[in-house]
Amino acid sequence: MRQGLAVLWVSIRAEPVVFTFAVLASGVYGLMTVASAWALGWATEHVVLPSFADGDVAGGTVAAGVALIIGVALVKAGGVAFRRFLAGVMQYRMQARSRREVTRQYLRLPLAWHHRHPTGQLLSNASADAEAAWAPLAPLPMAVGVVVMLVAAAVAMVLADPVLALVGFLIFPAIALLNMVYQRRLSPLAARAQQLRAEVSEIAHESFDGALVVKTLGREDLEAARFQAKAHELRDANIAVGRVRGLFDPMLEALPTLGVLAVLLFGAMRLESGAVTAGTLVQVAYLFTLLAFPIRALGWVLAELPRSVVGWSRVQAVLEATGSMSYGTAVIDGDSPARLEVSGLAYSYGDAPVLRDVTFEVPAGRTVALVGPTGSGKSTLVQALVRLVDPDEGSVRVDGVDLREVERGGISRAVALAPQHTFLFDDTVRGNITLGLPVPDEDVWAALRLAQADGFVSALPAGLDTKVGERGTSLSGGQRQRIALARAVVRRPRLLVLDDATSSVDPQVEAKILYGLRDAAEASTVVVVAYRMATIALADEVVYLEHGRVADRGPHEELITRCEGYRNLVTAYEREEAERAALNQDQEPDDELDELDELDELQDLQDDDIEGVSA
């Protein structure tokens with residue numbers, strides 16, 4: 001209860017004006033509810049009973065009774081309308097505020113934090129939990145107005161007849177005790193149901209996100225069964241909540257009715273003895289009839305408090321999460337290619353070290369290829385180069401400025417990343433490239449030409465205005481990669497990082513893209529994660545990673561002769577391509593690649609081809 005009231009106090013402090021007017025409107029409703037009982041009692045005394053006794057009532061008296069009842073009803077209706085409207089404004093504002101705060105915190109938290117939390121849970125924090133946290137705000141003004149109503153009703157009953165009021169008041173301790181038991185039974189069940197909502201969301205998101213795996217490997221039934229099992233748990237938890245509510249709701253409804261019966265029983269005896277009038281009895285009984293609904297309003301708030309506390313605690317767990325990136329005030333100025341310096345870089349995932357003492361430099365305007373076997377730390381290094389993660393040790397500097405000292409938003413203005421896994425929004429081609437930046441179409445087409453994407457984009461039904469579908473489903477993998485590359489290039493970054501960003505592109509097209517990037521070297525310094533020898537050979541220098549360290553670095557021609565690990569890695573790809581070509585020609589691959597000498601000849605031929613194209 002204390003935690004729930006603390007959550008409500010947060011909302012009251014956040015929206016004091018709206019809450020105040022909502023409570024005033026609810027107070028008007030409460031007062032008019034009590035006034036309606038008085039109006040009914042007055043009409044009974046001056047209209048109903050005289051009509052039975054004398055058979056005639058003055059028209060003015062009847063009109064006064066009608067006007068009194070209608071007037072009270074209209075004011076009461078106005079109070080209800082304003083109370084509900086303002087309560088909704090307060091509730092939805094707080095929900096929107098929580099969603100914004102959670103989303104901003106997601107953007108502030110580093111990628112390492114997101115790796116530890118499932119996406120489905122994060123969606124639940126920003127949606128279901130934010131909604132549950134402020135669910136009590138809808139009936140809250142009503143409940144506060146009920147307090148006003150209860151006080152006014154208690155005073156009116158005491159003034160009408162203290163004995164009948166005392167009889168009726170005996171019901172309130174029973175209601176308070178019943179609500180206490182109700183909350184203690186409901187709270188753990190509501191917490192369990194809220195947790196299961198997040199778990200159901202996690203499974204659903206995982207299944208949808210992995211739809212390709214699910215369908216291609218025939219896991220539809222297994223995924224459906226997994227989701228069904230968790231959904232049944234949620235169903236059972238909600239049924240348990242509903243069972244408790246179903247048990248206590250009739251009791252909460254019955255207690256005020258029992259109070260009315262007690263008042264009528266004792267009131268009839270006092271009426272017979274002449275201690276009260278019929279109008280007084282009707283007024284007191286009607287007040288107790290009206291109290292049934294207000295007491296339920298208090299129950300609504302109390303019933304929502306457990307869910308509210310659970311939702312609030314889950315939201316606060318995100319807002320209080322540590323590890324958010326700090327920013328400095330430094331600016332990376334200039335329009336020319338940037339100089340990149342990586343010094344003593346080390347990074348670990350928990351207790352598992354991935355990078356160790358990585359050090360290298362990339363002069364301005366040069367192209368460097370990052371090469372290494374699977375698990376050597378290339379993708380983690382790329383994330384550090386664009387500050388998606390901060391290193392445990394060492395630094396990444398652009399033009400001598402440590403990325404941790406750059407102002408918020410400053411890195412994205414100077415550095416661009418084309419990631420390995422391409423993501424396109426359900427938007428137009430133009431929208432996916434500009435992402436809201438005011439970029440003229442001429443620059444968009446220039447970026448598309450550099451990415452070798454202008455041909456297929458111009459052939460689309462609406463050109464730049466063609467919608468690509470969710471995640472770019474209407475495009476092939478290579479087309480999506482080229483759109484993503486154009487997205488990075490159009491920003492004219494001083495440092496362009498390509499994390500195997502052309503892996504789905506035809507080798508000939510890839511070669512054209514890389515030649516284009518070299519020709520545009522005056523605009524960007526390029527760091528590219530590469531596997532194909534043709535790609536690697538275009539770089540000015542190669543940094544070879546092995547077991548998270550820089551095993552060797554230098555021009556491709558030097559590394560392939562002196563570094564055995566590098567030579568085995570890059571020639572393995574060439575061997576695979578040669579074997580595939582031999583199989584396509586119905587030849588035995590062993591006939592062509594029996595000896596390492598023939599591999600060297602193949603490499604020499606390829607180097608001659610590259611030099612010829614460059615010339």
Side-chain angles (χ1 to χ4, degrees), residues 1-36 71-107 124-153 179 183 186-187 190 194 197 290-291 293-320:
M1 179 69 73
R2 287 193 300 271
Q3 291 175 327
L5 294 178
V7 174
L8 296 181
W9 178 242
V10 170
S11 66
I12 293 171
R13 286 188 302 170
E15 297 287 347
V17 177
V18 176
F19 177 75
T20 300
F21 281 101
V23 169
L24 289 176
S26 184
V28 170
Y29 161 78
L31 293 175
M32 289 303 102
T33 301
V34 176
S36 64
V72 170
L74 290 175
V75 177
K76 178 181 175 182
V80 171
F82 278 102
R83 183 201 74 222
R84 289 187 175 181
F85 170 72
L86 294 174
V89 169
M90 184 176 180
Q91 180 185 20
Y92 298 136
R93 279 185 178 179
M94 292 305 300
Q95 289 177 353
R97 180 173 300 174
S98 291
R99 290 189 177 105
R100 287 195 301 268
E101 290 176 348
V102 169
T103 303
R104 288 169 183 156
Q105 179 72 342
Y106 287 163
L107 298 176
S124 180
N125 293 148
S127 56
D129 293 335
E131 182 177 341
W134 307 115
L137 295 185
L140 179 61
M142 172 67 181
V144 176
V146 161
V147 175
V148 177
M149 182 191 300
L150 290 176
V151 173
N179 262 316
Q183 293 303 312
L186 187 65
S187 182
Q194 193 69 13
R197 285 188 180 91
L290 294 177
L291 289 180
F293 177 72
I295 290 173
R296 290 301 301 120
L298 288 174
W300 292 336
V301 175
L302 296 175
E304 292 292 346
L305 283 184
R307 284 186 62 226
S308 174
V309 171
V310 173
W312 172 254
S313 63
R314 290 169 62 86
V315 168
Q316 286 300 110
V318 174
L319 298 181
E320 295 172 0

Note: V72 and M32 closest approach over all heavy atoms is CG1-O, 3.2 Å

For F82, the side chain to side chain contact (heavy atoms under 4.5 Å, CB included) test, sequence neighbours excluded, returns A25

In V10, V315, L8, the residue satisfying side-chain contact (heavy atoms from CB on, under 4.5 Å) with W134 is V10

Paired with T20, the side-chain contact (heavy atoms from CB on, under 4.5 Å) test is passed by just one of V17, L24, V23, namely L24

query = So, does S26 use its side chain to make a donor-acceptor pair with the main chain of R83 at under 3.5 Å?
reply = no

In short, A132 meets P136 closest at the heavy-atom pair O-CD, 4.0 Å

Closest heavy-atom pair, L86 versus V18, reported as atoms and distance to 0.1 Å, is O-CG1, 3.4 Å

With sequence neighbours left out, the residues meeting side chain to side chain contact (heavy atoms under 4.5 Å, CB included) with A14 are M94, R97

Taken to the nearest 0.5 Å, the spacing of E131 CD from Y92 OH works out to 8.5 Å

Output for pair (R99 CZ, D129 CG), nearest 0.5 Å, gives 10.5 Å

Nearest heavy-atom contact between V7 and A133 is CG1-O, 3.8 Å

Sequence neighbours excluded, the answer for side chain to side chain contact (heavy atoms under 4.5 Å, CB included) partners of Q91 is Q95, L137, A138

